[in-house]
Amino acid sequence: MNIGDAASASGVSAKMIRHYEEIGLIPAASRSDFGYRTYAERDVHLLRFIRQGRLLGFSMKQIAELIGLWLDQSRPSSKVKQLALTHIAELDDKIKELQAMKGTLEQLACHCHGDARPECPILDGLAKHSVLSQKFVEEKR
């Protein structure tokens, strides 16, 4: 199948497929006699695997590791689990960061009158050097 067909079948855009090839995440596609990229079902399966990993928020480096583990039939599942647990911890940190951002914005929005006056605590808060709560900054250390 051509790159458009592979993109449709995998849910990964043609642009991203080319990018994945460029960075070595997937092997370079075979070429037709006219120089067009051609893909087999196994390539589409790999692209779907990458797409699922991206949907779960894995980094490109983590996905490369997962692909290596996926292709290695003698791998210990403990390596896969450790990678997943590490990612879960990263997601927990990101959730805390997003919650702190949300809390700060809620506090700023609560103090804004939202009327015709030019005074705006939201803009004043953004103009300050440190907008996020001190508690969050201390937790990050």
Side-chain angles (χ1 to χ4, degrees), residues 1-116 118-141:
M1 63 185 78
N2 66 29
I3 195 167
D5 295 335
S8 294
S10 67
V12 176
S13 71
K15 181 178 179 179
M16 287 308 297
I17 293 172
R18 287 189 288 274
H19 175 69
Y20 293 157
E21 285 182 20
E22 287 174 20
I23 65 172
L25 190 61
I26 62 173
S30 303
R31 299 284 181 151
S32 71
D33 292 339
F34 298 105
Y36 294 110
R37 289 176 168 88
T38 59
Y39 298 89
E41 189 58 41
R42 64 177 162 59
D43 299 316
V44 171
H45 194 60
L46 179 57
L47 290 168
R48 286 183 189 132
F49 182 91
I50 293 168
R51 182 173 183 270
Q52 285 301 114
R54 294 298 291 154
L55 289 172
L56 289 173
F58 284 102
S59 69
M60 298 305 272
K61 181 182 175 191
Q62 290 169 322
I63 289 174
E65 288 180 60
L66 286 168
I67 290 171
L69 291 166
W70 184 44
L71 296 175
D72 179 6
Q73 295 300 308
S74 64
R75 71 183 173 271
S77 65
S78 61
K79 287 186 178 181
V80 181
K81 183 174 182 174
Q82 185 54 54
L83 202 139
L85 292 173
T86 298
H87 184 55
I88 290 168
E90 292 167 355
L91 290 172
D92 284 338
D93 288 344
K94 189 176 280 190
I95 288 167
K96 287 177 187 172
E97 185 176 337
L98 290 170
Q99 287 173 332
M101 288 181 208
K102 179 181 180 248
T104 299
L105 283 171
E106 285 174 338
Q107 185 178 9
L108 292 171
C110 180
H111 291 96
C112 182
H113 296 288
D115 56 18
E119 295 82 19
C120 180
I122 299 169
L123 294 176
D124 293 342
L126 290 172
K128 289 182 182 176
H129 185 66
S130 177
V131 175
L132 286 179
S133 70
Q134 190 63 30
K135 179 182 175 190
F136 173 74
V137 172
E138 290 169 2
E139 286 177 4
K140 290 294 281 183
R141 291 183 187 157

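We number each residue from 1, following the sequence as shown.
Within the 4.5 Å cutoff, side-chain heavy atoms of Ile67 are placed close to those of Phe49.
Atoms OG1 and CG, from Thr38 and Asp5 in turn, are 11.0 Å apart once rounded to the nearest 0.5 Å. Here Cys110 contributes atom SG and Leu105 contributes atom CG; the two are 12.5 Å apart, rounded to the nearest 0.5 Å.
Listed here is the closest heavy atom pair of Ala9 and Val44: CB-CG1, 3.8 Å. Closest approach of Leu83 and Phe58 over heavy atoms only: CD2-CE2, 3.6 Å.
With sequence neighbours left out, the ring pair (Phe, Tyr, Trp, His ring centres under 6.0 Å) criterion links Tyr20 to no other residue. Lys81 meets the salt bridge (charged side-chain N to carboxylate O under 4.0 Å, His left out) test with no other residue; sequence neighbours excluded. Under the rule for a ring pair (Phe, Tyr, Trp, His ring centres under 6.0 Å), the partners of His45 that lie at least two apart in sequence or sit in another chain are Trp70.
When each of Ile26, Leu66, Ile17 is paired with Ile50, the side-chain contact (heavy atoms from CB on, under 4.5 Å) condition holds for Ile26 and for no other.
Between the side chain of Asp93 and the backbone N or O of Glu90 there is no donor-acceptor pair closer than 3.5 Å. Judged by distance alone, with hydrogens and angles left aside, the side-chain atoms of His87 form no donor-acceptor pair with the main-chain N or O of Gln62 at under 3.5 Å.
Judged as a salt bridge (charged side-chain N to carboxylate O under 4.0 Å, His left out), not a single pair has a partner in residues 51-78 (not counting sequence neighbours). Annotation: salt bridge (charged side-chain N to carboxylate O under 4.0 Å, His left out) contacts involving residues 17-41, sequence neighbours excluded, comprise Glu21-Arg37, Glu41-Arg48.
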For residues 120-127, tabulate all N or O donor-acceptor pairs below 3.5 Å that involve a side-chain atom, not counting sequence neighbours.
none

